[in-house]
Amino acid sequence: MKKLVILISGRGSNMQALLEAKLSCRIAAVISNRADAEGLAIAKAHGIPALVVEHRKHADRESFDTALAQAIDVFDPDFVALAGFMRILGAGFVARYRGRLINIHPSLLPAYSGLDTHARALRDGVKIHGCTVHFVTHDLDHGPIIIQAAVPVLRDDTEQTLAARVLSQEHRIYPQAISWLCQDQVKLSEQGRVLFLHRKQPGFALVSPSLE
Ligand code: GRF
């Protein structure tokens, strides 16, 4: 069975969604760069080894990345999933896990890469927003896209209500993406494209506001 290591920095709700999904892989460990990440307790409650590799204890990015890779490689994972992991990883780290490192981002990439995605979407008045699971490359938040979910932006939305609507979709698409990976249904090609090895392509549109 394939093995997954999850990296977190905080709340860990995406990690929890992965722990509670019926994935066809084993979650070998959860690693946080912060000792106070709430997600650590959730992982332990699920009986998953929960480790801390504190970025603050390392002089620079390279030594943190090296320590993190060492901690990950103990578990010999097939895939490494970033789930609210708030550190930028260096080029060496990203190259080491090419095709095996996945991230979830709270916007419809390539729109709104970076931080404060919901506030920026509200400010721009977009009517459709969402979330993206993608392979991690050196180009921050711009790696090849595996799956996206779109949600409507409603007239009375605040940053909180919009974030909650997007988050509930994150909890659906991240387990789906990891399942595909673990079942060899999706992979990153040599050319850096996402290859789908299954054929399902449902076609429907989300229109927001909805048509009369
Ligand atoms: C999520 O919105 C995720 O997309 C982003 O950071 C947030 C983490 O939330 N990268 P959680 O820790 O998974 O609850």
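We count ligands from 1, going down the list as the structure has it; atoms in each ligand are counted the same way. The analysis underlying the following values was restricted to heavy atoms, covering all of them including side chains, and did not include hydrogens, waters or symmetry mates.
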Give the intermediate values and the outcome of side-chain hydrogen bond (donor to acceptor under 3.5 Å, both in side chains) for residues His134 and Thr132. CA-CA 6 Å; His134 63 96; Thr132 302; over 6 Å; no
Considering both backbone and side-chain atoms of Gly10, is one of its nitrogen or oxygen atoms within less than 3.5 Å of a nitrogen or oxygen in ligand 1? no
To check your reading of the model: name the closest protein heavy atom to atom 10 (N) of ligand 1, its residue, and the distance in Å. Ile104 O, 3.1 Å
Shortest protein contact, atom 2 (O) of ligand 1 (heavy atom only): Glu170 OE2, 3.0 Å
Salt bridge between Arg96 and Asp65, side-chain N to carboxylate O under 4.0 Å? no
Below the 3.5 angstrom mark, is there an N/O of Gly12, backbone or side chain, next to an N/O of ligand 1? yes
Looking only at distances, please establish whether an N/O atom of ligand 1 is found under 3.5 Å from an N/O atom of Ser13. yes
Donor-acceptor pair, distance only, cut-off 3.5 Å: does the side chain of Arg34 make one with the backbone of Val52? no
Students should be able to answer this: which protein heavy-atom is nearest to atom 5 (C) of ligand 1, and at what distance? Pro106 CD, 3.8 Å
Between the candidates Thr132, Asn103, Asn14, Ile6, which shows the shortest non-hydrogen contact distance to atom 13 (O) of ligand 1? Asn14
Would a distance-only check, ignoring hydrogens and angles, find a side-chain to backbone donor-acceptor pair under 3.5 Å from Lys3 to Met1? no
Quick test: of every protein heavy atom, which one is nearest to atom 9 (O) of ligand 1, and how far off is it to 0.1 Å? Arg11 NH2, 3.0 Å
Would you say Arg100's side chain and Asp78's backbone share a donor-acceptor pair under 3.5 angstrom? yes
Just need the protein heavy atom nearest to atom 8 (C) of ligand 1, so name the residue and atom and give the distance. Gly84 CA, 3.5 Å
Check each of Val53, Asn33, Val30, Val80 against Leu7 using the side-chain contact (heavy atoms from CB on, under 4.5 Å) test, and report the only one that passes. Val80
Using the six-membered ring wherever Trp is involved, compare the ring planes of Phe85 and Phe64 and label them parallel, tilted or perpendicular (cut-offs 30° and 60°). parallel
Test item, Ile8 contacting ligand 1 (heavy atom, 4.0 angstrom): no
